[in-house]
Amino acid sequence: MSFATIYKNSIEQPEAYWDGEAKLIDWQQPYSKVLDYSKPPFTQWFVGGKTNLCHNAVDRWVATQGEKAALIAISTETGSEKVYSFKELQAEVSRTAAIMLALGVGQGDRVLIYMPMIAEAAFAMLACARIGAIHSVVFGGFAAHSLASRIEDAQPKLIVSADAGSRGGKAIPYKPLLDEAIALSAHKPGKVLLVNRKLAPMQLVDGRDVDYATLRTQHIDAQVPVTWLESNAPSYILYTSGTTGKPKGVQRDVGGYAVALASSMRSIFCGNPGETYFATSDIGWVVGHSYIVYGPLIAGMATIMYEGLPTSPDAGIWWSIVEKYKVTRMFSAPTAVRVLKKQPPECMQKYDLSSLKALYLAGEPLDETTSAWISEALGVPIIDNYWQTETGWPILSIARGIEDQPSKLGSPGIPVPGFNVKLFNESTGEECGTNEKGVVMIEGPLPPGCMQTVYGDDERYVSTYWSVLNGKHVYSTFDWGIRDADGYYFILGRTDDVINVAGHRLGTREIEESISSHANVSEVAVVGVEDKLKGQVAVAFVILKNPAAANTAEAQQALEKEIMGVVDHQLGAVARPARVHFIAQLPKTRSGKLLRRSIQAICEGRDPGDMSSIEDPASLRQIQGALGR
Ligand code: ATP
Ligand code: MG
C-alpha cells in the first residue's frame, strides 16, 4: 500500500488503522474498544485492554533474545561502560521495582526521578512502569527552584536521585539541590533513594534518605511480576518548561503510548530487533523518554545511554560509539550538529560508520547548511522530524519505513499516519490554503501516544490547547507553519515564548520570574535571541528599583553577574541569560502586555514590526540604546 493510502486510512478510519498497529505490542487482556472519543477532546485508546510498558520493553524480549544487548550505558565522564542484556536489564529492573515496593510505592503513586544519564535512571523509569507507579523525570540541569515546583505539583511518594552528575570532568552535585528543593516545596516525599556514585559528598537525612546499593543487595534475587494496567492508566508525567511560569505536567497513558512508539519505531525509525539505536538526548526530555528508553526497547533494539559531552575526549566520541556498537539509527538535535561542524572532519572520518542507515534530527528548525553538511559528512539520509513533548512522537516526518519519499530541505516533511494536521489562519479561524502562513493544528482525536491531559488539571488542558473551529475540536501546537503545493510543511517559529538554548527548552517566563526574585529588580523582560552556536540565548532587560545601584559600568557589571547568579542558583546554568541590560522602561502594549517579539526583533537587528499597539514608542529606543545601537 502506498503512503498516501495508509495515511488516508489512518485519518478516515482511525479505529481500523490503530487496531492493526496495536498488534505490534503484547496485550495481557484484549481491549473492548479501539477508540473512545465520546468526550472530546479527551481521547481514550484501546479501552479495557491490559498491558504494561516494561513488559513490552523488557520481558517480552527476554524469551527470544535474552542474551542480546538491551541497554548500553556509556559515561566518558567516569570512564565506565556497561552492556546489559535483556535478561540482565530485567533482573536490574526487578530489583529496583522491589526496592520501590519495599519503600511503599504502589500503583498510581508518583516517583520523581532527578538523575544523570546513568543506567540506574533507566532502571528506575522501567521499574515504575513495571509496578504501575507514575514517573516524573526532571532534567538534571534544573536547579532547586524548578525542581521544587515540579515536586509540589507531582507530589511524589518517592524521589530517586544521585550524589552527582558530571560534565566536562567536573562533578555537578545533585543532592544539595534536591535537599534545597524539598525544603522549598510544600510537599515532602516519604523517601529519597540515592545512587552514590562517589563523585560528591552526600549528607543522608535520617529516616528519609536510603542508599540504592544497600537496598539492591537486599533485593538481589527479587522477581517482581508485571502489574497489568488498563490501557488508559497514566504511565508518566513530564513537565514542559511552561510559558506561564507554572510548568504543565504532560500526562501520558500506557497502551496508546506503547502502540504509538512501536508504530513509529517501524514506520519512521525503521528499527529491527537486535540492532542498536543511539539517541543523544537526555532522559529529562521527551526524546529521552520515547527514543532512549521506551521506543528502542519496545522494538527489541539495544539502546545507548551516553553521559558526557559530544566533544570529549574528542569530537569523535559519538562516531566511535557508532562504530563500536554498530549503531544503525541515530537521533540528535541540530544544535549538537552545529557544534560538531566546528570540529576538524578527521574526528568523523577515522571511524567506520557503515552500520549507520540514517540520522534523525528534531527539536528545533534544521537549517539547510547544517543539514547538507552532516548529510555529506555521514553519507546517510538526514531525517528531520517535528513534534512536541505533548505529542510524544513525530507529527511530521518522512516515514521511510512505509515509503521512501523524498525530503525537502528546510521541511520536516509531511504528516505522519494518525496526525490530522491542519493550518488555521489565526485571525479568521479559517483553514489556510497552499503557501499561506497559519498556526499548525491537529484535528482531534489525537492519535495514541499523545498527552491525555495536564496532570491534575483537565480544565487547563482543554483551555490551553484546544479550540473548536468549524465545529471540530482542534489542538494547537503554538507553532507557525506553511504547507507547499506538494503537502510538505515548513515550521516558521513559535506563537508562544519558549526559547531553545542548545537544545534545552526554557520558558522566558520562568527566567523572568527568577530574575524578579532579585531584591533590586522591579521589572524584567527576557527574550530569546538568535545565536549561531546555541540556536538561541536568553537576553534580559531589567528595570531596577534603585537605578542608582547601576550608575557606573563597574556597578552594572557586578549587578549583571549577581542576577546571572540568581538564575544559575534557581533554574540552573542552562537558563542563565547571556546578557542582562539595565533600562528605565519596557515596551508594552496599551493593555500592559510585554512586546516580547518586538524586543526580540530589535535584538536580532530586524524591524520590530507593527507598533500600533505600543504604549510609548520611546521605550523601543531604550532597548536600542541598551544594545548600543
Ligand atoms: P514547552 O515545553 O514550554 O512547550 P517546548 O515547546 O520548546 O517548550 P518541546 O515540546 O520539547 O518543548 O518542543 C516542541 C517544539 O520544538 C515544537 O513546538 C517546535 O516549536 C519545536 N520543534 C520541534 N521539532 C522541530 C523541527 N523538526 N523543526 C522545527 N521546530 C521544531
Ligand atoms: Mg511547547
Side-chain angles (χ1 to χ4, degrees), residues 137-139 142 146 149-150 237-252 268 279 281-291 331-337 359-368 370-371 382-398 407-416 419 421 439-442 449-451 454-455 460-461 464-465 475-482 488-513 526 528 534-536 538 571 574-575:
V137 183
V138 176
F139 175 56
F142 281 130
S146 313
S149 63
R150 285 151 178 84
I237 308 163
L238 178 58
Y239 288 90
T240 67
S241 35
T243 49
T244 56
K246 185 178 182 270
K248 295 183 284 285
V250 168
Q251 179 187 313
R252 242 186 274 293
I268 303 170
S281 182
D282 187 283
I283 48 155
W285 308 124
V286 70
V287 177
H289 285 64
S290 294
Y291 299 112
F331 192 138
S332 192
T335 297
V337 176
L359 173 68
Y360 297 82
L361 295 175
E364 54 187 301
L366 175 62
D367 57 284
E368 302 194 2
T370 304
S371 172
I382 305 305
I383 303 176
D384 193 351
N385 52 115
Y386 161 84
W387 47 298
Q388 308 183 302
T389 306
E390 289 88 342
T391 65
W393 61 289
I395 305 167
L396 302 172
S397 190
I398 299 294
S407 49
K408 286 194 189 189
L409 275 179
S411 161
I414 56 180
V416 165
F419 285 100
V421 183
V439 181
V440 181
M441 300 213 163
I442 306 164
C450 294
M451 79 187 289
V454 171
Y455 178 67
R460 187 174 182 205
Y461 170 61
T464 304
Y465 295 103
Y475 164 92
S476 177
T477 63
F478 298 105
D479 285 311
W480 300 110
I482 203 161
Y488 283 69
Y489 282 75
F490 295 79
I491 301 298
L492 306 174
R494 299 148 176 273
T495 64
D496 58 9
D497 293 304
V498 170
I499 62 171
N500 191 325
V501 182
H504 302 308
R505 305 172 202 300
L506 306 160
T508 47
R509 278 296 310 149
E510 246 186 329
I511 306 175
E512 285 171 4
E513 276 187 6
V526 170
K534 294 181 174 173
Q536 277 185 311
L571 305 178
V574 288

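All residue numbers refer to positions in the sequence shown, counting from 1. Counting convention: from 1, in listed order, for ligands and their atoms alike. Hydrogens, waters and symmetry mates are skipped; everything else that's a heavy atom, side chains included, is used.
- Ser397 places no side-chain N or O within donor-acceptor distance of the main-chain N or O of Ile414, the cut-off being under 3.5 Å.
- Residue-level proximity to ligand 1 for Thr240 is carried by backbone and side chain together, each with a heavy atom below 4.0 angstrom.
- Residues Trp393 and Val416 have side chains in contact (heavy-atom distance under 4.5 Å, counting atoms from C-beta outward).
- Taking a 4.0 Å cut-off on heavy atoms, Glu390 registers as neighbouring ligand 1.
- Taking every heavy atom of Pro365 and a limit of under 4.0 angstrom, the matching atoms of ligand 1 come to 28 (N), 29 (C), 30 (N).
- Of all the atoms in ligand 1, the ones that sit under 4.0 Å from a non-hydrogen atom of Gly363 are 16 (O), 21 (C), 22 (N), 23 (C), 24 (N), 25 (C), 31 (C).
- With sequence neighbours excluded, the residues satisfying ring-ring contact (aromatic ring centres under 6.0 Å, His included) with Tyr360 are Phe269.
- Gln388 places a side-chain N or O within 3.5 Å of a backbone atom of Thr477 that can act as its donor or acceptor partner.
- Near Thr389, meaning under 4.0 Å from one of its heavy atoms, ligand 1 places the atoms 9 (P), 10 (O), 11 (O), 12 (O).
- Using a 4.0 Å cut-off between heavy atoms, Phe478 makes no contact with ligand 1 at all.
- Between Asn385 and ligand 1 there is a heavy-atom distance shorter than 4.0 Å.
- In this structure, of Glu364, His504, Gln388, the residue bringing a heavy atom nearest to atom 31 (C) of ligand 1 is Glu364.
- Counting heavy atoms closer than 4.0 Å to ligand 1, residue Asp479 contributes side-chain atoms (C-beta onward) but none from N, CA, C or O.
- Proximity of a side-chain donor or acceptor of Thr391 to a complementary backbone N or O of Cys450 within less than 3.5 Å is not detected.
- Residues satisfying the side chain to side chain contact (heavy atoms under 4.5 Å, CB included) test with Ser281, not counting sequence neighbours, are Trp285, Val287, Ile292.
- Judged by distance alone, the side chain of Gln536 and the main-chain N or O of Asn500 form a donor-acceptor pair under 3.5 Å.
- Within the 4.0 Å heavy-atom cutoff, Asn500 does not count among the residues contacting ligand 1.
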